[in-house]
Amino acid sequence: MSEVEQEIRSAWTLAFASNPSDDKEKFYINVAFPYPSGAMHVGHGRTYIVPDVVARFWRMQGKQVLFPMAFHVTGAPVLGIAKRIAKMDEMTMKLYGGLYRVPQETLASFTDPIVIVNYFADEYERVMKQLGLSIDWRRRFTTIIPHYSKFIEWQYSHIYSQGKVQKGEYPVRYCPVCDQPVGDHDLLEGDSAEVMHFVFVKYPFGGYFIPAATLRPETIFGVTNLWANPEVIYLEAEVDGEKWIISREAADKLRMQKHTVAEIGTISGTEFVGKAAQHPITGVDVPILPASFVDADVGSGLVMSVPAHAPFDYIALRDLQQQGKYTDIVPIPLVIVPNFSTIPAQDIVEKNRIPHQDDPRMDELTQELYTAEFSKGKLNDNCGVHAGKSVRQAREDVTKEFVETRGSIIFHDMSEKRVVCRCGSRAYVRILDDQWFLNYADPEWKMQIHEQLQRVELFPPEVRVEFERTVDWLREWPCTRRVGLGTHVPWDPKWLFEPLSDSTVYMSYYTIAHKITTIAAEKLTPAVFDYIFLGIGDANALPVDATTLKELRSEFLYWYPYDFRFSAKDLLSNHLTFQLFHHKAIFPDGLQPKGMVVFGMALLNGMKMSSSKGNVFLLEDAVNEFGADTVRMFLVGSAEPWQDFDWRNELVLSVRKQIERVWQMVLDAADAIGAAPIDAWLISRLQHRIEAATKALRTFQIRQALQESYNGIVSDLAWYRRRLPEGLNGTAALHAVTSAWIRLMAPIIPYTAEKLWSETGHEGLVSFASWPAADPALVSEAVEVSEELLRRTLEDILSILKLVQFGAKKCTLFVAPEWKYKVFGITAAAEDKRSVVPMVMADAALRAKGKEATDAAVQMVRLIHSLPPEQVVLIAAGVDELSIFSAAKEFLEKESGLTVEIAAADAGAHPKGRMALPFKPAIVVE
RNA sequence: GCGAGGGUCGCCAAGCCAGGUUAACGGCGCAGGGCUUAGGACCCUGUCUCAAGGAGUUCAUGGGUUCGAAUCCCAUCUCUCGCACCA
C-alpha cells in the first residue's frame, strides 16, 4: 500500500494547485491553521481530513475548489520551549527528543524558536501530504514573514482608524525580575491561580485609614470588628496622598498597580489591637481585634470581620470570647440562605467541630459557604437600601458605591501565593497602563455581528446560540503583547499584535499568498492592500506595477468570500467570533464569511488527547502503521465532525479490512458479464445510495455519507449476490455499480479510489472525475418492494425453522386475499387510524365478512405502523405476491432448504391461511 | 458558579427538532453454522428475557402530557467544552 500511495502522491503533485477558472464556480474552504510547536497527532488528523473530504467532494461536483494551508507562528510558547531546551529541561527534552522524535542534532538547534516552528511546519506539510490532503501548497506561508506583517499592518490601519483599538489599563500576571507579563506557559508553579479583585473598604483610624480588604463588600452591614495580626509589623504609608495602614507586602503590590506609596513609619500589630476604627457608613466604633489567620500577604493585611457569615471571623471571635474577652460582640445576620440558620458561619463551624482558627479545613468550609451565599443568598433587613437584593446584585451595587463615592480602590491579588515564573522569581499582579484593546464591547459593532450572524450558515446548527452568546459576552480584548513572535503595532512599535488578534482575516491573504511574495515587502503599503482587497485607489499610482495589482485584485474577488471555515469548538468563543468582527469592520457586505463548521474534540482510548501528558498517538505513526486511507476512513467513520471522537488502535484494523473488501469486490467485478433479473434492483438501490450520500456530504455529515457509500452498497451487493441464479458470480450491471462506488468513496479513501479508477480502465484522476448522479429513471419502486417482500418472508421462514422442533421438509406460503388488500388500502389512507373499523364497515362487501373484516382492520393498523410510510403507499397500490413468490420459488427453496409451495389463502384449506396479511403471507412449515 | 452541548440494548453510534417507520439503522466485538487440508478472508444466522413468525420489559433517574413517548413538558443526577490576553 505504501508504494501505491507514493505513486499516487506523485500523480497529485500540483494537481490541487487551484487558480481562478473562467467557467467553473468557486468553492473556497479553509481551516484554522496550526501552531507548529510539536508533532501532529491523530486528533489534528481529523481537523484536516474533514475539510479535505469536503474539498474533494465539491471538486468532483465540478467546483473550482480552493483549500489552502498556512502556519500560525505568532506568540510566545515557542520562546519558552526554546529557553527550556537551552536549559536542557528534562521534561521538554523528553517530549521533543522522545515523543516527537526530533533528531539530537536538530534538537540542539531548537534554542532558536524560529528553527522550531520551521521544523514542525515542514513536518506538518510532509504528514499532510502523506495523508493525501488536497491542499494548494503554493499558498503556504507563516505569520511572521514580512509580507504577512505588512498585511496585518494594513488590517489594523483600518481597525485603528475606526477607533476600535483603544488604550487602557489591564491587570496581568507579571514577573518583576524578567520585567515582563507571564502567561501560563511561562509559569513553573501556580498556573491555576486566578486574579482576584478585592475592594479596599477604608475605616478612619486616627489620622489614618485602615483599608480592610474584602471580596464581599456587601457584608459591610454585618461588620462587628476588624482583624489585625499581632505578629505583623504594619506600615504607615502615604498612598495616593492619603495616610493608610497596610502590610509591607500590600505596599509593594500597590506600587505595581499604579498607586504611589511612600512609607512614613511602622506600627506593630499589637499596638493598634484593642483600639477602634470608625465604620465608614454608620460612623460607630469598630474595635480592632487580634487574629492569627490574617495574612499580611493577602490583600491589605487587614480584614473586616463578619462573624455571622465568615467562618474565619466566627471562629476567631469564638476563640477570644472563650477567653472571656469581647463578650459584648454579637454576630449580625445579613444574608438569608436556604438550609442555614440566621448565622450560617456558626452552623458550618460547629457542625464540623472545628477546634480553632488554624484548622486546615477552614479554607474549604469558607469556600462552601461563600458559594452557597453567592448563588442562593438574599440580603435581609439589616442591609438598608440593599435589603431584598440577591448577594450577586448587592455585591455589584455596593462595590460601585464604594469605588465611586467612598474612595475605595479595587486591589488585584493572586488566589495563590506560589505563583512562580520560569526564572524562579515570584509573579505578581501588575497593571499595565498602556495596553491596547480591541473594543469588542462596542454595542454598534456587536449589533452588526448579530445581524451578520443571521446570514452565516452554521454546522451543526446548535452552535448558533453559542455564537450569539459569545458576541454579547465579549468585551475589550487586550490585543498586544510585549514578548513573542509577531508583527509590531505600527503606531506603537514596542508592542506586538497578540496571536488571536493577528489571525482574523488571513483567509483573504490566502487568495494572493502565492503571488504577493514576488513583490518586495517594503512596497506593500496599506494603500496597496486597499487596492487589492477593497478596490480603493488607482492601480497606476501605487508603488507596485498595475498589472500585478489587477491580477491580485481579480484573484481575490474570484475566491472571496470564503464558503466555509472549519475549526474545533474550543475556538468558537474567541477566534471564530473575532473573525466575524474583523471581517465586518474591514470588508464590504458581499465579502463576509458564508459558513462555518465546528468540530468536536479528540480522545485517545477514551482519554483526552494531550501532548503535554503524553497521551497522544502521532499521526505519522498511524499513517505508517495503517495507511493513509485507513486513517482517513476511520476518522471519518467514527463520528460526525461535530461529535467528539475516540481513537482506538484495535478498531482501526477493522477499517483496513473494509478497504480491502472494497478493493477485492471492485476487482472481482471487473470481468463480470451477462445479466440477471436482480440487476434492476441493484441499479435502483444504487440511485438511492448516491442520492443519500450526496445529500449527507452537502451538509457535512461525512459519517452518514460513508455509511451510505460503504455499508449501504456492501449490503446491497450481498443481497444481489444471494439473488443471482446458481452458478453466476456477477453480471455486467456490476460495472455501473463499481464505477459509481469508486467515485463515492474517492473523497474518503482517495488513494485506493485513485488506484482502482485506473485499474478499472478509467482515464485521468478520480479526484477530478465527475461525482455520480442519481438517475430517477433507473429507480424502480415495484422491484424494490418485491425484493423487500422476499427478504422479509425469507427472514420469517428462517426464524420459524430455527424455532421449530421437528425436521421440516416443506413450506407453504399463503398469500393474502384481495379483500385484505382493500382493508389495507382503507387503513393506509385513514388520517386517524382509530376510525378505521367504521370505515371498513362502510364497505358492503367487507361488512359481509363480519368479524373477520374487523379483526383484519385492527391487524392492519399494527402492520402499517410497522412499515416505512413510503412502502405503505406502494403496498396499498397493490402487490402481486403470488407471482413474486412464484418467480422466486427456486431462490426460497435454495435458501431455506425446503420444498416451497405458494397458494392463495382463500383457496387453502389450512387454517393458518387465515393469518395471511398483505405483505405478510401465512407460513406453514411441515 | 455562569454559558453551550451530551447521557440509547458489550463498545462506537443512528433516531429526538416535525410523537405511531422502533426491541430501536449501521459498524465493531462476540457466538453458532456454511465454505475449507488448516488459518485468514468471505457468506448466512444470532447477540435484553421468554417464544411458530409472537409476547414481556427497555433508550441516565423520577414524575407528567397523550389512544400511543427514546422522541414533548417538569425536576434530579452525571459527563464534555468554553469562561479571556492564551494557542
Side-chain angles (χ1 to χ4, degrees), chain A residues 32 34-35 37 72-78 170 172-173 181 183-185 370-372 374-375 392 432 435 437-438 440 460-470 472-481 484 498-501 503 568-575 600-601 603 606 608 637-640 642-646 648 650-651 653-655 657-658 660-661 664-665 703-704 706-708 710-712 714-715 718 721-722 792-793 795-805 808 832-834 861-862 864-872 895 912 915 920-925:
Chain A
Y35 182 76
S37 65
H72 193 208
V73 303
T74 313
V78 278
Y170 201 76
V172 294
R173 281 182 306 212
D184 279 350
H185 296 275
Y370 279 22
T371 303
F374 182 68
S375 55
R392 184 190 307 254
L432 293 185
Q435 169 69 291
F437 291 88
L438 272 162
Y440 294 129
E462 297 86 66
V463 297
R464 185 172 299 277
V465 203
E466 220 178 331
F467 271 109
E468 298 282 3
R469 292 258 177 200
T470 302
D472 286 334
W473 166 80
L474 283 175
R475 46 177 206 257
E476 298 82 0
W477 178 266
C479 61
T480 55
R481 290 210 66 177
E498 163 281 329
L500 282 174
S501 301
S503 57
K569 65 179 170 187
D570 51 353
L571 293 186
L572 194 155
S573 66
N574 46 51
H575 166 76
M601 309 298 284
L603 303 176
K608 197 188 292 180
S638 62
E640 293 292 3
W642 34 88
Q643 295 167 327
D644 295 350
F645 81 93
D646 192 4
R648 290 176 192 262
E650 69 271 20
L651 297 180
L653 276 175
S654 70
V655 170
K657 285 184 197 163
Q658 293 178 332
E660 282 163 6
R661 191 191 298 198
Q664 206 52 51
M665 287 175 105
R703 179 182 183 275
Q704 181 62 35
L706 175 61
Q707 275 203 13
E708 291 293 341
Y710 176 74
N711 301 330
V714 166
S715 80
R721 279 247 180 84
R722 227 170 146 181
R792 283 171 172 263
T793 308
E795 223 168 69
D796 283 350
I797 295 172
L798 293 176
S799 82
I800 293 168
L801 276 183
K802 195 124 191 151
L803 293 165
V804 110
Q805 298 299 317
D832 183 352
K833 305 289 189 237
R834 279 171 289 177
V861 174
R862 283 178 66 108
I864 284 170
H865 278 153
S866 78
L867 291 167
E870 59 278 7
Q871 237 171 52
V872 169
E895 293 283 334
K912 273 248 168 204
M915 288 180 64
K920 201 164 175 57
I923 299 165
V924 177
V925 170

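Lettering follows sequence order; numbering is per chain, from 1.
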With side chain to side chain contact (heavy atoms under 4.5 Å, CB included) as the criterion, how do A:V73 and A:V78 come out once you've worked through the C-alpha distance, each side chain's angles and the decisive distance to 0.1 Å? CA-CA 8 Å; A:V73 303; A:V78 278; over 6 Å; no

NA contact type, A:R721, heavy-atom cut-off 4.0 Å: base, sugar-phosphate, or nothing? nothing

Residues that A:D644 engages under salt bridge (charged side-chain N to carboxylate O under 4.0 Å, His left out), provided they are two or more places apart: A:K569

Heavy atoms under 4.0 Å, any strand shown: does A:T480 hit a base, just sugar-phosphate, or nothing? nothing

May I ask you to say what A:Q658 touches in the nucleic acid, namely base, sugar-phosphate or nothing, with a heavy-atom cut-off under 4.0 Å? sugar-phosphate

Would you write out the dot-bracket form of RNA chain B, 5' to 3', with Watson-Crick and G-U pairs under 3.5 Å, [ ] for crossing pairs, | for pairs to other strands and . for unpaired bases? ((((((((.[[[..)....(.....]]]((((((.......))))))(((...)))...[[[[[..)....]]]]])))))))....

Touch check for A:L474, heavy atoms < 4.0 angstrom, all strands: base, sugar-phosphate only, or nothing? base

Report the C-alpha distance between A:K920 and A:R792 in whole Å, list the side-chain angles of each, state the deciding distance to 0.1 Å, and finish with yes or no for side chain to side chain contact (heavy atoms under 4.5 Å, CB included). CA-CA 8 Å; A:K920 201 164 175 57; A:R792 283 171 172 263; over 6 Å; no

Under 4.0 Å from OP1 or OP2 of B:U21: is there any side-chain N or O of A:R792 that close? no

Nucleotide B:C81, atom P - distance to CG of A:N574 in whole Å: 15 Å

Could you give me the CA-CA distance, side-chain angles and deciding distance for A:S501 and A:L438, then say whether side chain to side chain contact (heavy atoms under 4.5 Å, CB included) is met? CA-CA 9 Å; A:S501 301; A:L438 272 162; 3.7 Å; yes

Per-nucleotide protein contact along nucleotides 11-18 of chain B, 5' to 3', at a 4.0 Å heavy-atom cut-off (B base, S sugar-phosphate only, - neither), is -SSS----

Restricting to non-hydrogen atoms, name the atom on A:A568 and the atom on A:G600 that form the minimum distance, rounded to 0.1 Å. CB-O, 4.4 Å

Suppose you measure atom P in B:G63 against the same atom in B:G82; what distance do you get, rounded to whole Å? 36 Å

Under-4.0 Å side-chain N/O to phosphate OP1/OP2 contact, A:R469 with B:G3: no

A:R661 vs B:G40: side-chain N/O to OP1/OP2 distance below 4.0 Å: no

Worked verdict on A:E498 versus A:W477 for side chain to side chain contact (heavy atoms under 4.5 Å, CB included): CA-CA 10 Å; A:E498 163 281 329; A:W477 178 266; 3.0 Å; yes

Is the distance from OP1 or OP2 of B:A41 to the nearest side-chain N or O of A:K657 less than 4.0 Å? yes

Nearest to the A:K920 side chain among B:G54, B:A87, B:C44, which nucleotide is it? B:G54

Identify whether any heavy atom of A:W642 sits under 4.0 Å from a base atom; if not, whether one sits that close to sugar-phosphate; answer base, sugar-phosphate or nothing. nothing

Verify the contact: side-chain N or O of A:R481 to OP1 or OP2 of B:C86, cut-off strictly under 4.0 Å; return yes or no. yes

